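Quick caveat: nothing in here was measured; it's all calculated off a predicted structure. Worth knowing before you read on, the calculation uses all heavy atoms, side chains too, and leaves out hydrogens, waters and symmetry mates.
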Number of protein chains: 2
Amino acid sequence: MEHEKIGITEVAQHAGVSVATVSRVLNRKAGVSQKTRQLVERAMEEVGYERGAASGGIVGVITPGLSIPIFGVMAERIGLALAPHGLRAVVCPALPGGVQERDFLKSLLDLGASGIVFCSASNTLENFDPEVLQLLEHRPVPYVCINGRFEDSSSVAFSTDDAYAAELSVRHLHGLGHRRIAMAAGPVGNRPTDRRVAGYRAAMTALGLGEDEQLVVHQTYSVEGGQFAAEQLLAQGVTGVIAASDQMALGAIRAIRRQGLSVPEDISVIGYDDGPLMEFTDPPLTTVRQPVDRLAAEVARALVGLLSGHQVPVGELMFQPEVVVRGTTAPYHPRRPPA
Amino acid sequence: MEHEKIGITEVAQHAGVSVATVSRVLNRKAGVSQKTRQLVERAMEEVGYERGAASGGIVGVITPGLSIPIFGVMAERIGLALAPHGLRAVVCPALPGGVQERDFLKSLLDLGASGIVFCSASNTLENFDPEVLQLLEHRPVPYVCINGRFEDSSSVAFSTDDAYAAELSVRHLHGLGHRRIAMAAGPVGNRPTDRRVAGYRAAMTALGLGEDEQLVVHQTYSVEGGQFAAEQLLAQGVTGVIAASDQMALGAIRAIRRQGLSVPEDISVIGYDDGPLMEFTDPPLTTVRQPVDRLAAEVARALVGLLSGHQVPVGELMFQPEVVVRGTTAPYHPRRPPA
DNA sequence: CTACACGACGAAAAATTTTCGAAAACTGTT
DNA sequence: AACAGTTTTCGAAAATTTTTCGTCGTGTAG
C-alpha cells in the first residue's frame, strides 16, 4: 500500500513552494503569479492530487435570466452535455434588480466551481462590469463564453453567426419581394445586436436596398420592445421586419395588428432564436434558429477539454444559424391603403 | 477592541461540546443528534459566529428541467425575491439522463448551501428517491417545497390548489355548455396530477356529468404527450379537453386539427400553467394560471424565515389559481359530422 | 443477561487556511 | 543608472478546521 495520502503538503514539496501557495492556488485566491500557479498545477497533476472532488465538480452557467425560454433551453442542454463527465451544471440567472453577475461569479469562485459558462451574459456587452474580468484574471478558472467573448482576454467562445443570421433574414425577405426591410434590433452596446445590425446593413447594401439609418430601431429584447420598435418602423412604410428575438417578433406582430394590418399578408416578420413553442404562435413564427444543440455540445466539449488541462484554441467559433420558414413571412404585395 | 475572533473553538466552548461536533454541524455532516445540533446552533447565535459568509448564502432551486418555461419563470422569481436578502439562487435542473436530483442535493449540501427549494421536483412524486429524504434527514438544511411536500416529513410547502384548478376548468367548460369533458392528465404517481384528477372527478360528479374512467388519459407533460392523449380522447367524442400543462394543450390542439376539427369551434381546450407567450398561440390559449408570483414570494419569505431561525408552520399552503379565458374555449355546439 | 451493532461524541492528529512580514518586482524620478 | 515609493508574490508559522479513531451509551436480538 503505497498510498501515502497525497495532500497539499506533498504537492508543495514536489512543486518546491510552500503549502500556503498551494492552498492559494487550490482556492483560486488572488496573489499568486501566473508562473507559480502553473508550476503548482503541474505539480498537482504529477503527484496526482485530486482537487474539487469534494465539490463534485460543479459548473456555473451564468445567463441573463430564465424567463426567456431560449436561455433555459441552452442551460439545460449544457447541463445535459456536461453530466456524463461528472459535472453538475448549476444555472445562475443574473438579473437587473436581482443578483449581479459578479456576485454569482464570486460565489462560484468561493464555492470552488470547476468551470464557468457565460451564456449571453456580460461577455456579450460592450460595457461589461470590469470587475468580472478582473475576477477572472485574478482568480483564474476555466471558462467558456457563448455569443461573444471578453475582449482583451484570451477567452474561448462559441457563438451564433449573427451577421450571417441577419443576412439570411434580409435575403429571405428580399427573395419574397420585400424592399423596405427594417430591423427591430436589441439594445445598443450588445455585441450580437451590433453584429446583426452590421450584417443587416451589409446585406441591404449588397442587394441595393439603400442604407436608411432610420430602418434600425434599438429596443429591449422583450415583447414590449418589439412592439414599440415596430410602431416606429410602420410609420416608415416598411413591409418586412427583422426582429432581434422571438419575443420582439411577437411584439411586432401585435403592433402591426393594432394598426389594422395583418401578418404576413401586409407585413412580414421574422424572429430570432427559435425558442420552444414558436411553431404554435399565430401565425407560426418564421425565425432564425440558433443552433442551440451544437453550441451546447461544443461548449461542453471545450470546457471538459479545459478542465483536463488541454489547450483549447482561443478565439470565437461561429455557428451557422438557419431560417425556419413558417407563417409570418409571405411574398410582398402592395399594401392596401388603410381603410 | 474586544474582537477576540470568534471561531469554532469559542462556539464549542460555549456550547459545551467539542470543536469536532461544531465542525460537523457547520458542514451538515451526518452523525450529530438533533439535540446537539440545536444546542450548537443556539450557541453559534449567542456567540455571534458568522457561518456561510464565505459561501455568500446560496440557495439551490431544484427544478425538473428548464425547457418548460414556467419552471424558468418560477426559478427566476424566487431568485429575485431572495436577492434582497443577500441570498443567491442557483438553479439546478434535474433531468432524466442528466444530473440526478440527489446528486444536486449532495453537491448543494457539500457546498454549504443555506437553503433548498424543491420546485416541482421529487417532492411532487409518489415514488421519490428515498435517498433525497434520507439526505435531508441526516444533514438537515432549511428547505421549502413547491407543489407538494415530502410525506412523512415536517416540510413546508406552497402549492397551487390543483384540485380547485381542475374544478375551475370543468366549471368553465360546463358553463359553456360542454358535457363530455375529458382530461389529458400528467403521469401517474405525480401528486399535482393526482389532485387534479380527483378535483376533476369530483367536479364532474357534482355537475352530474358522470364518472367515465376513460375520460382521463395519463401522459407526459409534453406537447407530444398532449397530442397522444387527445387522440385517445377524440375517439370518445369529447368536446372539451382539460390539459395538464400548456404544452399538452398545444399538443392536443395539434391532434384535434389533424383530425380536421378546429379549436375552439369543434373542441374546446384549456391548458394549465399560463407560461409566458401563451397569449400568442393560435388561438390564444385559455388556461389556468398558476400564481407564480405569489408562490415565489411566499417561498422566499418562508425560506428567509427558516434561515433566521423562525419557526415556520409546517404543512402545505394552497394558492388559488385562476382561469385566464382566451381563445381556445367556446360555447358547445354539436359537432358537424366528419365530411 | 450477553453480545453485538450503531449512532453520537470527544481528544488528538492531520490538513488546510490565514496572517504577517520580508523579499522581489515594478514605477516613475532624479 | 541609482533610488525611493509601491505593489506583488510567497514562505514560515500560527490559527483554524476537518478527519480519524476510539470510547461510551443504548437498543436489540439471541
Can you list everything that forms a side-chain hydrogen bond (donor to acceptor under 3.5 Å, both in side chains) with A/R191? Sequence neighbours excluded, please. none

Sorted by chain and number, sequence neighbours left out, side-chain hydrogen bond (donor to acceptor under 3.5 Å, both in side chains) with B/T160 holds for B/Q290

Among residues 129-136 of chain B, which residues get a heavy atom nearer than 4.0 Å to DNA chain D? none

Whole angstrom is fine here: how far is it from [atom1] in [X] over to [atom2] in [N]?
X	N	atom1	atom2	result
A/Q34	C/dA25	CD	P	17 Å
A/K35	D/dT8	NZ	P	17 Å
B/Q13	C/dC9	CD	C1'	18 Å
B/R37	C/dA8	CZ	P	9 Å
A/R139	C/dT17	CZ	C1'	13 Å

Polar atom pairs between nucleotides 17-21 of chain D and protein, under 3.5 Å, N or O only, would you list them?
| from | atom 1 | to | atom 2 | distance (Å) |
| --- | --- | --- | --- | --- |
| D/dT17 | OP1 | B/Y49 | OH | 3.3 |
| D/dT17 | OP2 | B/I8 | N | 2.9 |
| D/dT18 | OP1 | B/N27 | OD1 | 3.2 |
| D/dT18 | OP1 | B/N27 | ND2 | 3.1 |
| D/dT18 | OP2 | B/S23 | OG | 2.8 |
| D/dT18 | OP2 | B/N27 | ND2 | 3.1 |
| D/dT19 | OP2 | B/K29 | NZ | 2.6 |

Can a donor-acceptor pair be found, under 3.5 Å and without considering hydrogens, that links the side chain of [X] to the backbone of [Y]?
X	Y	result
B/Q100	B/A94	no
B/S23	B/V19	no
A/R149	A/S155	yes

Heavy-atom neighbours of B/R301 CZ exceed 12 at 6.0 Å: no

Partner set under side-chain contact (heavy atoms from CB on, under 4.5 Å) for A/I116, not counting sequence neighbours: A/I62, A/L105, A/L108, A/F118, A/V141, A/Y143

Does anything in residues 111-134 of chain A form a salt bridge (Lys or Arg N to Asp or Glu O under 4.0 Å)? List the pairs, not counting sequence neighbours. A/R102-A/D129, A/R102-A/E131, A/K106-A/E131

